[in-house]
Amino acid sequence: MRWEPTEEQQLVQRTARELAVREIEPVARELDRTGRWPAEIVRRLGELGLMGIAVPTEWGGAGADHVAYVLAMEEISRACASVGVILSVNNSLVCAPLLEHGSELLKRRYLEPLASGRMLGCFALTEPASGSDAAHMQTVAERDGEGWILNGSKNWITNGPHADVCIVFAATDRAAGARGVTAFVVERGTPGYAPQKPDEKLGIHAAHSCTVFFENCRVPDAQRLGEVGQGFKIAMKTLDGGRIGIAAQAIGIARAAFEKALAYSRERRAFGTPLADKQAIQFKLADMATEIDAAHLLALRAAWMKDRGVRHTAESSIAKLFASEMATRVTHQAMQIFGGYGYSREYDLERHYRDARITEIYEGTSEIQRIVIAAQVLRD
Ligand code: CAA
């Protein structure tokens with residue numbers, strides 16, 4: 001395993017860093033305050049090839065790999081976690097399954113515009129009554145001549161209010177449970193496809209999510225993604241990749257909090273010396289740096305395995321579990337170092353603290369990651 005990024009990986013990282021520092025960081029606080037959808041930044045992500053980082057160039061992507069994707073996600077999320085998840089959903093939850101399971105027609109129609117940023121995607125698995133227990137969905141797709149009729153609702157759908165394309169999972173054989181789920185690609189504007197207004201959340205305010213209703217929504221069979229009954233496996237494999245992205249998002253958030261706490265500890269004086277001179281603070285900084293590094297290496301390992309086509313279910317969950325809980329711990333400690341200023345809305349710390357929290361919930365809670373890891377460990 002190389003410990004140094006390749007030139008291509010460095011180029012993607014540099015591209016993401018420059019965009020993050022010049023165009024995202026300056027507006028991140030405003031985006032958090034207003035909850036404004038960052039349309040101009042989403043456009044720039046597409047122009048720079050960051051919306052389909054690991055998608056081959058022939059399908060409109062950057063033609064890089066998942067290690068590059070992790071590096072880019074960390075840079076973008078360090079500036080703004082909302083932009084990070086907009087990016088990760090399009091890359092790993094929409095482009096990736098289209099690339100792996102899409103027909104030529106679906107790839108031409110959707111993957112190319114999604115990877116090049118001309119379209120935006122969302123991934124609709126979660127429902128009001130089934131989040132962790134994803135297989136027990138109520139949304140159904142029934143055969144209707146050459147097509148399918150979808151009925152049901154999905155919620156917490158990141159990018160939902162703005163997405164042009166939705167990958168949706170529906171039960172086509174309810175008695176078959178996980179083996180009776182099928183995936184479809186539904187385009188915005190299809191009658192019966194109705195995204196609702198953005199949800200109000202604790203953090204990632206600019207990453208809009210919403211409920212999506214499917215009311216007698218007719219889709220041709222050509223819009224089916226993968227085989228009938230294979231939808232749940234497609235969702236799980238997709239989440240194996242998605243969880244690497246969320247790990248990287250958590251690392252980016254933690255880095256932002258750590259760097260700010262480090263700088264503050266050098267400036268702020270108490271009892272006659274800078275905070276950084278005190279061992280209590282040094283120990284916090286040491287733990288934060290160690291945990292961030294460990295999470296970074298775990299995310300890179302999972303990405304590296306994905307790039308080699310090796311099954312990485314456990315490694316993705318390990319990276320996501322550790323990185324997300326680490327981000328909660330690091331942002332907590334960073335706030336301790338900042339004291340009252342950390343709690344104030346005048347500074348960024350409280351944003352990072354709030355944003356970190358979601359990484360322990362979406363794309364599988366920490367508890368679900370432990371179930372996935374335990375299943376793999378017990379199988380070996
Ligand atoms: N890869 C390939 N196949 C897989 C798989 C994987 N990673 N995981 C499971 N499968 C297969 C199993 O082998 C099994 O196949 P067979 O029927 O052939 O035996 C089938 O799928 C069913 O598997 P399980 O019996 O393990 O399924 P389960 O019902 O017990 O659920 C679970 C397992 C891990 C708990 C799963 O439901 C899960 O991951 N839940 C969390 C859902 C989640 O992460 N949701 C996130 C929503 S998206 C999101 O959050 C986006 C956002 O906002 C940013």
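Quantities reported herein were computed from a predicted structural model and do not represent experimental measurements. Below, all heavy atoms of this structure are taken into account, side chains as well, without hydrogens, waters or symmetry copies. Both ligands and their constituent atoms are indexed starting at 1 by order of listing.
Within the structure, every pair that satisfies the side chain to side chain donor-acceptor pair (under 3.5 Å) test and touches residues 187-196, not counting sequence neighbours, is listed here: Tyr110-Glu187.
In this structure, Phe184 has its ring center closer than 6.0 angstrom to the ring center of Trp148.
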For ligand 1, what N or O to protein N or O distances fall under 3.5 Å?
from	atom 1	to	atom 2	distance (Å)
ligand 1	1 (N)	Arg311	NH2	3.4
ligand 1	7 (N)	Asp240	OD1	3.2
ligand 1	7 (N)	Asp240	OD2	2.9
ligand 1	7 (N)	Thr313	OG1	3.4
ligand 1	17 (O)	Arg179	NE	2.7
ligand 1	17 (O)	Arg179	NH2	3.2
ligand 1	18 (O)	Arg179	NH2	3.2
ligand 1	18 (O)	Lys233	NZ	2.7
ligand 1	19 (O)	Arg179	NH2	3.3
ligand 1	37 (O)	Ser132	O	3.2
ligand 1	39 (O)	Arg243	NH2	3.1
ligand 1	40 (N)	Ser132	O	2.8
ligand 1	44 (O)	Arg243	NH2	2.8
ligand 1	44 (O)	Gly364	N	3.0
ligand 1	50 (O)	Glu363	N	2.8
ligand 1	53 (O)	Thr158	OG1	2.9

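Ion pair Arg354/Glu350 flagged as a salt bridge, since at least one NZ, NE, NH1 or NH2 atom sits closer than 4.0 Å to an Asp/Glu carboxylate oxygen. Electrostatic pairing of Glu112 and Arg118 counts as a salt bridge here, judged by a charged N lying under 4.0 Å from a carboxylate O.
For Asp173, the side-chain hydrogen bond (donor to acceptor under 3.5 Å, both in side chains) criterion is met by no residue, not counting sequence neighbours. Asp199 is linked by a salt bridge (charged side-chain N to carboxylate O under 4.0 Å, His left out) to nothing, counting only residues two or more places apart in sequence or in another chain.
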